[in-house]
Amino acid sequence: MSSSRTFETVFPVRDYDLAATLDSGQVFRWRRKDASWTGVVGKHWVRLTSAQNAIRAQTHAPREQWDWLRAFLQTRVDLAAILETFPGDPPMRAAVAACRGLRLLRQEPWECLASFILSSTKQIVQIRQIIAQLCDRFGEPVAVPSGEPSAFAFPPAEKIAGLSESELRACKAGFRAPYLLATAVEVASGRFNLKALRTLSHERARAELMNLPGVGRKIADCVLLFACGFDSAFPVDVWVERALRRLYFSRRRVNHKKLRHFAATHFGPHAGYAQQYLFHYMRAKNGMAFHRGAEK
DNA sequence: TACCAGGAGAGCG
DNA sequence: CGCTCTCATGGT
């Protein structure tokens, strides 16, 4: 049962754009309510509010320690130091200037993997809808303060492994349903060890992930970057490919492979952060272009 | 209405 | 390899 009581803490932060970070296509379950964002981390309902050089966090159950949330938000990451490592070329500078404070979160690996299997050839709005249905139908309910809409944990691999393909298709997963199901079986059975990925090299971990059904290079790099802490991972999707071609290779023919090589060598040790800035920059610019009716 | 979306896998030469 | 096609579904 729920009461209106909440428990809160404050994380001191600098250069942290909470809204941009939670709405940048790396997580899909956060919703804005007034000036706050509500979501579920693990088994806990969370409300986050941006303040002056701080993030205020509220949960429903009393918490003695907040390491789990600090880890998710990555509040102790020195963003300024990371931005220093970016190349100083004009496109990169423009991308950073467009959204200083954009961060990378540290997600739970299974939720990240499952989410991005469901992401392929979908718009972010639709990815949110599919994942919301999946959690509403098959996730365990989590305690929420009274007056708040009910919330559900992300269904674990063991749960999804026991579902039928049609149950997943009912969530509008489409042709991704059999991929998610088969991958859930691999993870739930223990044949695939998600937790061990971070002990491997980037290349080895990526190769392992790409053995899973429905997981190619792009989704593998998303999991490595968003969940496993490989800052060098550089997911190349249609937006990032478009960004690289327009910003760095305008009017030059480059194939996909050459583009990936450029991505792997040009952006430094925190290339994944650079990628997220380019992705956000491109999406924002395209949005404005759409309203002007220009751009292709 | 037509096109496209944070792709992957299979088939082909 | 590298290219093309298909897959399911809804937003714009």
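Side chains are part of it too, since the values below use all heavy atoms of this structure and drop only hydrogens, waters and symmetry mates. Per chain, numbering begins at 1; letters A, B, ... match sequence-line order.
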Q.
Measuring from the side chain of A:Thr121 (C-beta onward, heavy atoms only), which nucleotide among C:dT9, B:dA5, B:dG6 has the closest atom?
A. B:dA5
Q.
So if I take every side-chain heavy atom of A:Ile219 and compare against B:dA5, B:dG6, B:dA8, which nucleotide ends up nearest?
A. B:dA8
Q. Which of residues 125-139 of chain A sit near DNA chain C, with a heavy atom under 4.0 Å from it?
A. A:Gln126, A:Gln129
Q: Check DNA chain C against residues 174-187 of chain A and give the residues with a non-hydrogen atom under 4.0 Å, in numerical order.
A: A:Gly174, A:Phe175, A:Arg176
Q. Does A:Phe7 have A:Arg5 sitting over its ring (NZ/CZ under 6.0 Å from centre, angle to axis within 45°)?
A. yes
Q: For A:Phe279 and B:dG6, say yes or no: do the ring centres fall under 5.5 Å of each other while the ring planes differ by less than 30°?
A: yes
Q: On DNA chain B, check which nucleotide each of A:Pro213 and A:Lys218 is closest to and give me the residue with the more 5' one.
A: A:Lys218
Q.
Could you tell me how far B:dG6 sits from C:dT6 if I compare only their P atoms? Round to whole Å.
A. 22 Å
Q. How far does the P atom of B:dC4 sit from the matching atom of C:dT4, given to the nearest Å?
A. 15 Å
Q: Using side chain to side chain contact (heavy atoms under 4.5 Å, CB included) as the criterion, list what pairs up with A:Lys33, not counting sequence neighbours.
A: A:Thr38, A:Glu148, A:Pro149
**Q.** Residue list, side chain to side chain contact (heavy atoms under 4.5 Å, CB included) with A:Arg217, at least two apart or on another chain
**A.** A:Arg206, A:Met210, A:Asp221, A:Arg260
**Q.** Any A:Lys122 side-chain nitrogen or oxygen under 4.0 Å from OP1 or OP2 of B:dG6
**A.** no
(Q) With the threshold set at under 4.0 Å for non-hydrogen atoms, list the residues of residues 91-112 of chain A touching DNA chain B in residue-number order. (A) none
Q: Taking the six-membered ring for Trp and the full ring for Phe, Tyr or His, determine whether the centres of A:Phe267 and A:Phe262 are under 6.0 Å apart.
A: yes
Q. Would you call A:Lys43 and A:Glu140 a salt bridge, taking side-chain N to carboxylate O under 4.0 Å as the test?
A. no
Q: Mind checking A:Leu118 for me? I need base, sugar-phosphate or nothing, with any heavy atom below 4.0 Å counting as a touch.
A: nothing
**Q.** Nucleotide B:dG9, atom C1' - distance to CG of A:Asn211 in whole Å
**A.** 14 Å
Q. If you look only at pairs with a residue in residues 171-192 of chain A, which of them pass as a ring-ring contact (aromatic ring centres under 6.0 Å, His included), with sequence neighbours excluded?
A. none
